Structure formats: C-alpha cells, structure tokens
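Structure first, commentary second.
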Amino acid sequence: MTHLTHTTRSIKAKEINRKWHLVDANGKTLGRISPDISTKLQGKHKVEYVPNIDMGDHIVVINADKVKVTGKKAEQKEYERYSGYPGGLKTLTFNQMMDRNPEEVIRRAVSGMLPKNKLRDPRLARLHVYKGEQHPHKAEFANTEVTEDTKAE
C-alpha cells in the first residue's frame, strides 16, 4: 500500500496570467462598483489566489464622470488632503471633486478597499480610470478576451 501525499503548490510570479476588465461607470453607484474593482485588482476572483503574491488583473474604468452616489453624499462626503503645514488642511466635497477630477473619486474609493501593505501601489498602478468613453487600451483588449463587468446594479 502506497502512501500518497497531496501538496498544494503555490503559483509562481511568471505563471500569473493578467486579464483586462472593462468597467463602465455610467449611472453606477460608487459603493457598488468599488468592491468589484478592488477584488479583481487583488486577484481574489481567481482560483489560484494567494494573499502574498500580487496576481490581480488590469481594470479599465470608463465614464468616471457619470458615477453617482446615493443620499446626501454628493453634498456631505468630503475628501481631505493635508500639506503638512499649520492650516494646510484642504477639503473638497464629492461634487467639487467630480468637477475637478472625477478619476480621483474612483481611485480613492478603490484605494480605501485595498489592503494597506506593500502590494497596494502596484495594484493601483493597474487601475486605469478615464473620464469619458475613450481610453488608450484598445490594443490590450484586442489581444485578450474582453470581460465586460456590468455586475454592479
């Protein structure tokens, strides 16, 4: 009688297959699409997911200027940045941020949902957010199968 040992082999960095996902934020709620985006950036949707290896996919978000929030968040939600100097705290509401830089709204929402570790910056580098319908990643979608993410709402 032979004794079989089953071991789980961890995936190697060169074996990671990164796909491209297209997310259309037109009319979608910010709090509904952000968790899906962060999950795909981490690679948690893959069967071979390992927490200590960055194995996430590329995400292209279009129509960032058409994302919405519910309730009174448009007037009450604030984004802060601090210069480091006394009196250097600057705040913008959601509406002001959407007027100035709608890409930053989605980037900050997804960034807050990612783990705070050394893999956060490389994951955020694979997040490509664009204000309108046009994006320069059409060639990447031609090489791989396009995954249209319309799960949220």
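Only heavy atoms go into these numbers, but all of them, side chains included; no hydrogens, no water, no symmetry mates. All of these numbers come straight from a predicted model, not from anything done at the bench.
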Any [X] side-chain heavy atom under 4.5 Å of [Y] side chain:
| X | Y | result |
| --- | --- | --- |
| L41 | D57 | no |
| K68 | L30 | no |
| H58 | R18 | yes |

Sequence neighbours left out, cut at 3.5 Å: what donor-acceptor pairs do the side chains of residues 88-96 make with other protein atoms?
residue : atom : partner : partner atom : Å
T93     : OG1  : Q96     : N            : 3.3
N95     : ND2  : A74     : O            : 3.3
Q96     : OE1  : T93     : N            : 2.9

query = Any side-chain hydrogen bond (donor to acceptor under 3.5 Å, both in side chains) pairs touching residues 72-83, not counting sequence neighbours?
reply = T70-K73

request  = List for me each residue that meets side chain to side chain contact (heavy atoms under 4.5 Å, CB included) alongside N26, sequence neighbours excluded, and say none if there are none.
outcome  = D24, N63, K66

request  = Determine which pairs satisfy salt bridge (charged side-chain N to carboxylate O under 4.0 Å, His left out) with at least one residue from residues 102-113, sequence neighbours left out, and list them in order.
outcome  = E104-R108

message = Under a 3.5 Å distance rule, please check whether K46 uses its side chain to pair with a backbone N or O of M55 as donor and acceptor.
response = yes

inquiry  = Checking V67 against I33 for the side-chain contact (heavy atoms from CB on, under 4.5 Å) test, could you report, in this order, the C-alpha distance in whole Å, the side-chain angles of both residues, the deciding distance, and whether it holds?
reply    = CA-CA 9 Å; V67 73; I33 63 172; 4.2 Å; yes

task = Using ring pair (Phe, Tyr, Trp, His ring centres under 6.0 Å) as the criterion, list what pairs up with H137, not counting sequence neighbours.
result = W20, H128, Y130

ask   = With sequence neighbours excluded, what pairs up with D54 under the salt bridge (charged side-chain N to carboxylate O under 4.0 Å, His left out) test?
value = R123, R126

query = If we ignore angles and hydrogens, is there a donor and acceptor under 3.5 Å between the side chains of H45 and D36?
reply = no

